[in-house]
There are 2 protein chains.
Amino acid sequence: MPWPEHHKAQTRERIVEAASAAFREAGISKVSVPDLMRRAGLTHGGFYAHFNSKDELLVEALPHAMSDSTANLDRVESAPARDLLAVANAYLSPQHVSHPEMGCPIAALGPELTRSAPTVRQSLAREIRKRLDQLLALIPRRMTAERKRQQAAGALACMVGGIVLARGMKQSEKPAFLADCRAFLAEALNETNAHT
Amino acid sequence: MPWPEHHKAQTRERIVEAASAAFREAGISKVSVPDLMRRAGLTHGGFYAHFNSKDELLVEALPHAMSDSTANLDRVESAPARDLLAVANAYLSPQHVSHPEMGCPIAALGPELTRSAPTVRQSLAREIRKRLDQLLALIPRRMTAERKRQQAAGALACMVGGIVLARGMKQSEKPAFLADCRAFLAEALNETNAHT
DNA sequence: GACACAATATGATGTTTATCATATTCTTGG
DNA sequence: CCAAGAATATGATAAACATCATATTGTGTC
């Protein structure tokens, strides 16, 4: 083996990292393989020594983006994920809106991923399920399983939709809208709410 | 005028209609001008007699898609928009998930529109504001303006995010997730909730 | 320090794209 | 039914794209 042990694996990782950010920033179809390789400090031809296709890269880049995103959101809260509302508040932040390249790939790429190859769609479905289960685990035990499911689903939907919408709004309207989404969730997730 | 009065305007409208559906179904970047014109029953070259660019078409196709979507959602409920919860329930339906080409363009194209030309982004911002105001108008007067804003924002976010997420999930998990989102909103929008 | 070969770079191919220039067709007023 | 001109179609162009074939470079081993 005339090369350092994990050299190729590291290069591959570098490509995945570049892709993970570039896709979230510019959209999958707007990032060409040459673009990508340039961002990773390489040239276009070498790509296919690492991946059989752009779709195969996507299947790896999506989970990477997802982990990156949750790591970055934890950093905003400076503590890893106390409760569901804390996670939602960090997610629905102006920083998240203005930095898609570090943020949630579902909010940045959801619809485009949905229309991608079957393997990519499967990866997306896995990641959504995982995120939903993560949120579920943050909800107090004393609630019924049904109610917990509803809160996790509703909160995640509100989070993703909130970012998608805020990114589409006039700059001046974004902060108030985000604050409204956070306030909505704060009340909806409040345990003192009346039950049925 | 050797041609029927509104012939050209009608053809233009046909292109906008084809675009409005095709974009929502396949994504903006995956629909080429030749594709588009074929779907409108024309050939590619004539496009630029109607629009100066694909972006200019987008600026028209987006409001068209938005009106089409709300019209279709009213049809699901068979009555035009009673209250916010009724609208949300129609929006968060399995039919909406499985028919993006007739559904909300924000859910189908939001992120891609956000990354489009400035004129397109402005059109998107306008449409979001309009939708938010429509929902706002459905909320009972007796609430404070602040609370109304929060409910409209939270509900719309939950609606858009709910569709984006459901479309990305495994087929078998979609209906339950949508039901959870609806139940979440039913409770969050319930006026009997405790205040603050 | 030369060899073997893995890791990357260069260069090429065929397709698809938006857009434009030119040709053709169709409709109505005469 | 003919002619004018608007409305569409045909054809062309240049750029960008994913992918592949081939050349080059860099590394540890002897």
Side-chain angles (χ1 to χ4, degrees), chain A residues 1-20 22-23 25-62 109 112-113 115-121, chain B residues 1-20 22-23 25-62 109 112-113 115-121:
Chain A
M1 315 147 185
W3 279 78
E5 190 67 18
H6 293 315
H7 185 135
K8 189 169 181 184
Q10 281 171 6
T11 303
R12 184 187 171 104
E13 186 63 14
R14 218 156 18 102
I15 298 173
V16 171
E17 263 162 38
S20 150
F23 287 156
E25 182 180 337
I28 300 162
S29 69
K30 295 291 184 191
V31 179
S32 70
V33 171
D35 282 347
L36 216 53
M37 294 297 275
R38 228 187 325 264
R39 284 173 87 131
L42 301 169
T43 57
H44 68 279
F47 179 82
Y48 293 88
H50 295 276
F51 303 94
N52 289 317
S53 70
K54 203 178 164 186
D55 280 335
E56 196 180 296
L57 166 62
L58 246 182
V59 170
E60 272 195 57
L62 175 58
L109 304 172
E112 198 171 359
L113 290 167
R115 292 183 288 253
S116 297
T119 52
V120 177
R121 282 215 304 275
Chain B
M1 314 145 184
W3 279 76
E5 191 67 19
H6 293 316
H7 185 134
K8 189 169 180 183
Q10 282 171 4
T11 302
R12 185 188 171 103
E13 186 62 14
R14 218 156 17 102
I15 298 174
V16 172
E17 263 163 38
S20 150
F23 286 155
E25 181 180 338
I28 299 162
S29 68
K30 295 292 183 188
V31 178
S32 70
V33 171
D35 283 347
L36 216 52
M37 295 298 275
R38 228 187 326 263
R39 284 174 87 130
L42 301 170
T43 57
H44 68 279
F47 179 82
Y48 294 88
H50 295 277
F51 304 93
N52 289 318
S53 70
K54 203 178 164 186
D55 279 334
E56 196 181 295
L57 166 63
L58 246 182
V59 169
E60 272 195 57
L62 175 58
L109 303 172
E112 198 171 359
L113 289 167
R115 292 184 288 254
S116 296
T119 53
V120 178
R121 281 216 303 275

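Within every chain, numbering begins at 1; the chains are lettered A, B, ... in the order of the sequence lines, protein sequences first and strands thereafter.
- Nearest heavy atoms, A/K54 versus A/I28: NZ-O, 3.1 Å.
- With D/dT19, C/dA7, C/dA18 as the choices, the nucleotide that has an atom nearest any side-chain atom of B/V33 turns out to be C/dA18.
- Within 4.0 Å (heavy atoms only), A/S32 reaches sugar-phosphate atoms of the nucleic acid but no base atom.
- The side chain of A/A49 lies closest to C/dT8 when the candidates are C/dT8, D/dT19, C/dT19.
- In this entry the distance linking CD of A/E56 with C1' of D/dT19 reads 14 Å, nearest Å.
- A straight line from CG of B/L57 to P of C/dT19 spans 11 Å, rounded to a whole angstrom.
- Atom NZ in A/K30 sits roughly 14 Å away from atom C1' in C/dT16 (whole-Å rounding).
- Note that CZ of B/F51 and CD1 of B/I15 are 5.5 Å apart. Values are rounded to the nearest 0.5 Å.
- Dashed line: the shortest gap from a side-chain N or O of A/T11 to OP1 or OP2 of C/dT8 is under 4.0 Å.
- Summarising the geometry, the separation between NZ on A/K8 and P on C/dT8 is reported as 8 Å, rounded to the nearest angstrom.
- Between A/E25 and A/K30, no side-chain nitrogen of the basic residue sits less than 4.0 Å from a carboxylate oxygen of the acidic one, so the salt-bridge criterion is not met.
- Counting atom types as modelled, B/H44 pairs a side-chain N or O with a base atom of D/dG11 as donor and acceptor under 3.5 Å.
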